[in-house]
Amino acid sequence: MVFDPILAALNERQAEAVQRTAGPLIVLAGAGSGKTKMLTSRIAYLIDRCDVPAHHILAVTFTNKAAGEMKDRVGRILKIGFGSDPWSSGPWMGTPEIGTFHSVCLRILRREGVLTPFSRPFVIYDDSDQLSLIKTVVEKLGIDDKQFSPKALQAGINGLKCDAIEPHELRPEHHNLFDRQLKRVYEQYQKDLFANNAIDFGEILCMTYRILRDHPDVRRRYQERFRYIHVDEYQDTNRAQYLLLSMLAKAEFGGHQNICVVGDEDQSIYKWRGADIRNILDFERDYPGAQVVKLEQNYRSSQNIIRAASQVIRNNSQRKDKTLFTENEEGELLRRFQVADERAEAELVVSEIRRLSGEGSRNYGDFSIFYRTNAQSRQFEDVLRREKIAYQIVGGLRFYDRKEIKDVLCYFKAILNPTDSISLKRILNVPARGIGKTTIDKLEELQLRLEGADSNLWSALGMAARDPSITSAATARKLAAFVGMIEKFMLEQPRLRLSELYHLVLDETGYVRELRKEGTDEALARIENLEEFDTLLQEFEEDLLGPLPVEDQAARFRELLAIFLEQSALVSEPEPGKAVQDLGPSVKLMTLHSSKGLEFPVVFLVGMEEGLFPSIKGWEPESEEDIEEERRLCYVGITRAREILYLTHATMRRIWGNFNYQEPARFLDEIPGGLVTYRDLSRAARPMAAPVRSASYFDEHDQRDEGDSIEGRWLEHPEYGRGKIVASEGSGMEIRVTIDFAGSGRRKFLWRYVSAYLR
DNA sequence: TTTAGCTCAATTTTT
DNA sequence: TTGAGCTAAA
């Protein structure tokens, strides 16, 4: 066989997945098994070895981060660059299409603009814009927002959009009171959304799906275009994404069904947001003749960590037959700690971080703390701050979600698209210019009376500004000033760079001046964010305009705004530009959900208590399905760790101001006792004791290697001195070990009593 | 029109 | 317990 550097870098299974290019293929990729490596190699292989023109290749991911990484790696293998081609006027040629579901769909929507209901460039509504619009719809329809909360209706609408269900498909006669209102609101919401020339996240996918479904000619074009389809994190796809993919992979025009999906059913943790685990479990049924490749070798974690993870996840019934293994070293035992309460938990974790980082080879960036709920982060932050240890919360408040940034973005959106009533309403009185609720109510009332295309807030504003009898002379003057200001922005926009437009907006509105007047720490932080936003705009422009000849740059100013708005809607964090300083290594704090896809040498999995993790909704009986999702979450957490894994749980925890006595998480019992050391710090004065639990999993299943990991290890007993473990028996919390002490011969102990003496 | 007190709810989150 | 969002007073 000819030496091939692409294949040579892969293991046998990975290489198999790369080479099976024809027909449907499902790759079941365990945690840390080199899935991205396989995917990127496959794309490179198709282009470089199979001579597939790059533009025939499509790869979709869920996050920008994943898409960026994939582009990076494909680019490096093939030594090509991905010009962002934001001008989108040219043909899609030259590079594979790699992007998120949403960015790919938006590109299709823009190309097929005539098939959309929009009359001008559309803006993207995020969840809070969406909620605002739903509130206006609820009010317009005279629905009681106490009985039917806009939030619940929003969840309902988004749930339906995840399933690609349109309002007319809902038959009210079969539904309860809520569903009947939901149908009404959904119907009106869609109308108003489109009238605002706006689209929400769910609709981006649904609309694309409908266009492909309803227009065979268009469908055909995209099927011929995307001949090799790759889908990352397939276990997280929802119904709408599934249907969308089937439109592209249908192969009804003599095509080839070259669809390669990659995923891990054991890491499916987004059911609550519409992900349908059946998509991955049923792939072989949906695509008859599909080939299956399993990537089971883990390159990330120690033996002990992989064993623990495998034993936990094997308790799930909803999974495929897949077993992770590793050739890495056995490594350290897992470390389980019981502590008195959440405060003690934080103290323990931070002192361990101190201790390990003091030993030399590790810095703070090697540690991470995973919790089930965001509320748990506070204790850790308090102690870390007190100890002056650098830390960073991953996935907190997103940059573009900050109030001041959203305000500015709404000015931008209104300038681009004044029919966007939601954005207009948001900025109407920001900063305060004396336009209050009464006035807004009158404007909205007027808007409802206006006909057709004029039925929007902008038109209403114009009328009220000209006609003082609608409000009052004073108010009409204020409105006229506002309208005049926005018109000025719209007029200037095509002649200005974004950063210039930005400064014009800040100057004319006096936004920063108002914040200065406020003078609080919070206001100052806002000003700083606005400054960062300025830098970000300049970098954005430089990236886009830089490559163009100077004389062409000004010609692009008009488009700049639309492109920027689209990016800011689809991206949660701006690209880490040169402006953002590196703060050095820091401990990372995050929810278990945010930890997916990451890895750390040392992981602390905290709050492992029944009710908290697994999380249990008090008001309904726990379902096996929900527990399995929590177990997958636990599996994700464990498999993030490379070398050392801590598992902590508190005896008592304050939740919503109440003291709760907590039971250890059931997942702790599912980890073979021989893989962990256990230490009870919750009753420090008394000898260590573990809570005795009911029969563990291992009493009913064969578990030959239960104590294997501990035999041969040395420990230092406070009474008997140095000794070696020569034998073990029993299982779970009842493992007994025989220790051979140098001075006093052999003795038997319960493992949980002596595990902490391991050296 | 702004602000202070009150109620009410309360996993997980990317696009 | 915390916080966001909303109704009653300045």
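Every value quoted in this text rests on a predicted model; they were computed, and no experiment measured them. Naming convention: chains lettered A, B, ... in sequence-line order (proteins, then strands); numbering from 1 in each chain.
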By side-chain contact (heavy atoms from CB on, under 4.5 Å) - contacts of [X] (at least two apart):
{"X": "A:A198", "result": "A:V123, A:Y125, A:L193, A:N196"}
{"X": "A:P431", "result": "A:Y411, A:R433, A:T509, A:Y511, A:E514"}
{"X": "A:R343", "result": "A:D341, A:E347, A:Q379, A:D382, A:V383, A:R386"}

- Task: Under the salt bridge (charged side-chain N to carboxylate O under 4.0 Å, His left out) rule, collect the residues that match up with A:R654, sequence neighbours excluded.
- Result: none

- Using salt bridge (charged side-chain N to carboxylate O under 4.0 Å, His left out) as the criterion, list what pairs up with A:R278, not counting sequence neighbours. A:D276

What is the separation between atom [atom1] on [X] and atom [atom2] on [N], rounded to the nearest whole Å?
{"X": "A:E610", "N": "B:dT11", "atom1": "CD", "atom2": "C1'", "answer": "15 Å"}
{"X": "A:L612", "N": "B:dA10", "atom1": "CG", "atom2": "P", "answer": "17 Å"}
{"X": "A:L633", "N": "B:dT12", "atom1": "CG", "atom2": "P", "answer": "11 Å"}

Review item, side-chain donor-acceptor pairs of residues 474-483 of chain A, under 3.5 Å, at least two apart:
from, atom 1, to, atom 2, distance (Å)
A:T475, OG1, A:S472, OG, 2.9
A:K478, NZ, A:G434, O, 3.2

- Query: What pairs with A:D126 under side chain to side chain donor-acceptor pair (under 3.5 Å), at least two apart in sequence or on another chain?
  - Reply: A:S128, A:K406

- Message: When the C1' atoms of C:dG3 and B:dT14 are compared, how many Å lie between them, rounded to an integer?
- Response: 23 Å

- When rounded to the nearest Å, what value does the distance between C1' atoms of B:dT12 and C:dG5 take? 23 Å

- Note on the structure: Under a 4.0 Å heavy-atom criterion, DNA chain C is touched by chain A from C:dT1 to C:dC6

- Task: Check ring pair (Phe, Tyr, Trp, His ring centres under 6.0 Å) between A:F370 and all other residues, then give those that pass, not counting sequence neighbours.
- Result: none

- Note on the structure: DNA chain C nearest-nucleotide lookup for A:N658 and A:K151: closer to the 5′ end is A:N658

Dump the pairs, protein N or O against N or O of nucleotides 13-15 of chain B, anything under 3.5 Å, distances to one decimal.
from, atom 1, to, atom 2, distance (Å)
B:dT13, OP1, A:T591, OG1, 2.5
B:dT13, OP1, A:S594, OG, 3.3
B:dT13, OP2, A:N374, OD1, 3.2
B:dT13, O4', A:R273, NH1, 3.4
B:dT15, OP1, A:N64, N, 2.7
B:dT15, OP1, A:N64, ND2, 3.2
B:dT15, OP2, A:S572, OG, 3.3
B:dT15, O4, A:D127, OD2, 3.2

- Task: Could you note down all residue pairs passing salt bridge (charged side-chain N to carboxylate O under 4.0 Å, His left out) where residues 139-151 of chain A supplies at least one of them, sequence neighbours left out?
- Result: A:K140-A:D192

- Item | Pair A:T651-A:V339, side-chain contact (heavy atoms from CB on, under 4.5 Å): steps then yes or no | CA-CA 6 Å; A:T651 308; A:V339 291; over 6 Å; no

- Message: Tell me the closest heavy-atom pair linking A:Y234 and A:N279, and the distance in Å.
- Response: CE2-O, 3.1 Å

- Contact check, residues 430-440 of chain A vs DNA chain B, heavy-atom distance under 4.0 Å, returns A:A432, A:G434, A:I435, A:G436, A:K437, A:T438

- Query: How would you label the contact of A:K596 with the nucleic acid (heavy atoms, under 4.0 Å): base, sugar-phosphate, or nothing?
  - Reply: nothing

- Message: Over all strands shown, is A:E630 touching base, sugar-phosphate only, or nothing at heavy-atom distances under 4.0 angstrom?
- Response: base

